[in-house]
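Below, chain A is the first sequence line, B the second, and so on; all start at residue 1.
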There are 2 protein chains.
Amino acid sequence: MQISSRFTVALHIFACVEYFKDKCKVTSDFLASSINTNPVFIRRILGQLSKAGLLKVMRGTGGIEITRPLKDITFLDVYKAVEPIEDGALFHFHENPNPACPVGRNIHSLLDGKLLSIQNAMEDRMKEYTLDDIREGLGEIIGGKDS
Amino acid sequence: MQISSRFTVALHIFACVEYFKDKCKVTSDFLASSINTNPVFIRRILGQLSKAGLLKVMRGTGGIEITRPLKDITFLDVYKAVEPIEDGALFHFHENPNPACPVGRNIHSLLDGKLLSIQNAMEDRMKEYTLDDIREGLGEIIGGKDS
DNA sequence: TCATTCTGAAACAACAAATATTGTAATGTC
DNA sequence: GACATTACAATATTTGTTGTTTCAGAATGA
């Protein structure tokens, strides 16, 4: 199963906000057109991001403001904001293994540590990338020729 | 979004097959009862695992045989067998970003490398655990007192 | 004050994936 | 051939994602 597109869409949003901040007003309609989806979907994600304190959305007038320096927002911050998994576990267990079975009643204590370590490996790598890397990468790709 | 329970169920299956191999015949019904789900679900996963060459299911007579030494089957092998993600990408992009937007047409080349690196961090950690670790852990937990 | 523009939120539909349930056919052993 | 078991197909239920519509509220500027 893939991780939902909300994560990559959120990164796309940040990229747009940063890139267009001096060029034009960035609204949910504008973003929806760049991402090629509908404005409500964008607003839902914007809601999650602002609830997490990563940006602020101006009501009425429109426009989006990133609340922290780009290098202080990691991919993990964004991921956690838009993928609210219950109790934070990446891996889903089948509920209620049979307690009468020696394997069934011990499977959790057997696997939990290992699964957590796998999840941590992913999240630690997510911490290594920040929105500033996106800004920088975008500058390199687009350079002068593609604006 | 969580990764489907097929992965943890598959690990549970291997744990049972190993633990009960000398004690009783392990059938899909037996497994379903330990995991507390239905036999068909188990069979589908068994089908994926045997298609991947990790085990062999005896038809008619019943019983399951692991085809390789436990230490030669990693968590990643199991994961890949039961989570067949199209083109192997963990992260889902929204399709067709707007090519008329400088961000939209570059978002993929901007993010792909970073996302792949995150995915690789997870998969590399998965390679570090093998089914032998499960057998060992189960032996420690259950020890002599819990059989 | 009023019109405009925009966001926030709710309701609903379409769709896909995960899981459960059931029935039937095929297979291997005895 | 009888039996136990798996394989396969069809279907239902639930849940999550995404799209669509609608309406109320907030900021701004004329």
Query raised in the report: Residues from residues 4-18 of chain B sitting under 4.0 Å of DNA chain D, heavy atoms only?
Result: none
Requested in this report: Measure across Y129(B) and K114(A) and return the closest heavy-atom pair with its distance rounded to 0.1 Å.
Outcome: CE2-CG, 3.6 Å
Query raised in the report: Under 3.5 Å, is there a donor-acceptor pair between the side chain of S117(B) and the main chain of G113(B)?
Result: no
Query raised in the report: Is there a donor-acceptor contact under 3.5 Å from the side chain of N106(B) to the main chain of V103(B)?
Result: no
Query raised in the report: Taking 4.0 angstrom as the limit, do R125(A) and D124(B) come out as a salt bridge?
Result: no
**Report entry** Any donor-acceptor pair under 3.5 Å from E65(A) side chain to L55(A) backbone
**Finding:** no
Query raised in the report: Using the ring of each side chain (for Trp, its six-membered ring), is F20(B) parallel, tilted or perpendicular to F30(B), with breaks at 30° and 60°?
Result: perpendicular
Report task. Would you please confirm or rule out a distance under 4.0 Å between OP1 or OP2 of dA26(D) and any side-chain N or O of T61(A)? Result -> no
Query - Whole-Å gap separating C1' (dA20(C)) and CG (N96(A)) - result: 15 Å
Query raised in the report: Over how many whole Å does the gap from E83(A) atom CD to dG16(D) atom C1' extend?
Result: 10 Å
**Report entry** Rounded distance in Å - CD1 (I42(A)) to P (dT20(D))
**Finding:** 13 Å
**Report entry** Under-4.0 Å side-chain N/O to phosphate OP1/OP2 contact, K25(B) with dT5(D)
**Finding:** yes
**Report entry** For atom CZ of F91(B) and atom C1' of dT17(D), their distance in whole Å
**Finding:** 17 Å
**Report entry** Nearest-Å distance for atom pair CZ/P, residues F41(A) and dT22(D)
**Finding:** 21 Å
Report summary line: Testing dT20(D), dT21(C), dT7(C) for proximity to the side chain of N38(A), the answer is dT20(D)
Query raised in the report: Taking CZ from F30(A) and C1' from dT5(C), how many angstroms apart are they, rounded to a whole number?
Result: 16 Å
Query raised in the report: Mapping T27(A) and E95(A) to their closest nucleotides on DNA chain C, which lands nearer the 5' end?
Result: T27(A)
Query raised in the report: Can you tell me if D112(A) uses its side chain to pair, donor with acceptor, with the backbone of S109(A) under 3.5 Å?
Result: no
**Report entry** Nucleic acid footprint by protein, nucleotides 8-16 of chain C - heavy-atom cut-off 4.0 Å, B for base, S for sugar-phosphate alone
**Finding:** B-BB-----
Query raised in the report: Just by modelled atom types, is the P69(B) backbone N or O under 3.5 Å from a matching donor or acceptor in the D72(B) side chain?
Result: no
Report task. Would you indicate, yes or no, if dG19(D) has its OP1 or OP2 atom less than 4.0 angstrom from a side-chain nitrogen or oxygen of H94(B)? Result -> yes
Query raised in the report: G60(A) near the nucleic acid: base, sugar-phosphate alone, or nothing, with a heavy-atom cut-off under 4.0 Å?
Result: base
Query raised in the report: Separation of D29(B) atom CG from dT6(D) atom P, in whole Å?
Result: 6 Å
Query raised in the report: Checking side chain to side chain contact (heavy atoms under 4.5 Å, CB included) against I66(A), which of V17(A), L49(A), L54(A) comes through?
Result: V17(A)
Requested in this report: Just say parallel, tilted or perpendicular for the rings of F75(B) and F7(B), cut-offs at 30° and 60°.
Outcome: perpendicular
Query - From dC6(C), dT6(D), dT7(C), nucleotide with atom closest to S28(A) side chain - result: dT7(C)
Requested in this report: Nearest whole angstrom, please: distance from the P of dG16(D) to the CD of Q2(B).
Outcome: 9 Å
Query raised in the report: When the nearest nucleotide of DNA chain D is assigned to M1(B) and to G63(B) on a heavy-atom basis, which residue is associated with the more 5' position?
Result: G63(B)
